[in-house]
Asks: 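Here it is, the structure, as structure tokens.
Each chain gets a letter, A, B and so on, in the order its sequence line appears, and its residues count up from 1.
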Amino acid sequence: DAGVIQSPRHEVTEMGQEVTLRCKPISGHDYLFWYRQTMMRGLELLIYFNNNVPIDDSGMPEDRFSAKMPNASFSTLKIQPSEPRDSAVYFCASSLPPGYGNYEQYFGPGTRLTVT
Amino acid sequence: ELKVEQNPLFLSMQEGKNYTIYCNYSTTSDRLYWYRQDPGKSLESLFVLLSNGAVKQEGRLMASLDTKARLSTLHITAAVHDLSATYFCAVDPTGTASKLTFGTGTRLQVTL
């Protein structure tokens, strides 16, 4: 398996622009997670999906952030409009349902976002 | 609010030495994860500890979990340079393997 795939790997954009990050989970994984990592706040869970349905979005920082999962093999995280404080590394992770595996979350390579 | 604290935050150790990283958390959780992150890279799963008293070992790393003390340890035996990385623990208070809260991370540097 190719693992979790994220694109782009690097994104540089100007403040006010829309940014879309993409994720393809491991085939067969029903859970998908979006995390953000910064030096100041560490690694934070933003939102997670189960069977394409958003379950908990309490970590989404504000309305500028939105996430979708239109099918089992694709998810997007969108920031509109972007701000410099959104600069971070965004990770996508996926996992099997509890009881069907070893409870691990498998992380993608991340997207490094820089907003100038 | 759940707090997950690791100490030390930074550890410089010589090759061949032993050391322990500590992970304390503030709420009940029967499951704890350890991850490794190399600079500029993603997170790699090391251990999943599923119950009180669980102990797992892989190579020079051994992890344990004491749910009553709300403490997990990651012990490094005879460190080698390849172990240099940042190590994170993560707690799963909901028991659903979903909503993980990560610790601050411990940056380990193994010197010759």
Asks: Answer yes if Tyr19(B) and Trp34(B) sit in the same cluster of Ile, Leu, Val, Met, Phe, Trp and Tyr residues linked by side chain heavy atoms under 4.5 Å apart, and no otherwise.
Replies: yes

Asks: Return the minimal non-hydrogen interatomic distance between Ser98(B) and Tyr35(A), and the atom names on each side.
Replies: O-OH, 4.2 Å

Asks: Might you confirm whether atom CZ of Phe74(A) has over 12 heavy atoms from other residues, nucleotides or ligands at distances under 6.0 Å?
Replies: yes

Asks: Within a radius of less than 6.0 Å around CD of Glu62(A), do more than 12 heavy atoms belonging to other residues, nucleotides or ligands occur?
Replies: yes

Asks: Just wondering, are more than 12 heavy atoms of other shown residues or ligands nearer than 6.0 Å to CZ in Arg64(A)?
Replies: yes

Asks: I'd like to know whether CG of Asp63(A) has more than 12 heavy-atom contacts from other residues, nucleotides or ligands below 6.0 angstrom.
Replies: no

Asks: Measure Glu44(A) against the heavy atoms of chain B and call it side chain, backbone, both or neither at under 4.5 Å.
Replies: neither

Asks: Mind ranking Glu44(B), Lys41(B), Gln37(B) by heavy-atom pairs under 4.5 Å with chain A and telling me who comes out on top?
Replies: Gln37(B)

Asks: Hey, what do you get for CD (Glu104(A)) to OH (Tyr35(B)), rounding to the nearest 0.5 Å?
Replies: 6.5 Å

Asks: Are the side chains of Ser45(B) and Phe107(A) in touch, meaning some heavy atoms are under 4.5 Å apart?
Replies: no

Asks: Could you tell me whether a side-chain N or O of Tyr33(B) sits under 3.5 Å from a main-chain N or O of Tyr103(A), the two making a donor and an acceptor?
Replies: yes

Asks: Heavy-atom cut-off 4.5 Å, strictly under: side chain, backbone, both or neither for Leu43(A) against chain B?
Replies: both

Asks: Side-chain heavy atoms under 4.5 angstrom apart, residues restricted to Ile, Leu, Val, Met, Phe, Trp, Tyr: same cluster for Phe91(A) and Tyr31(A)?
Replies: yes

Asks: Which heavy-atom pair separates Ser42(B) from Pro109(A) by the least distance, and what is that distance?
Replies: CB-CA, 3.9 Å

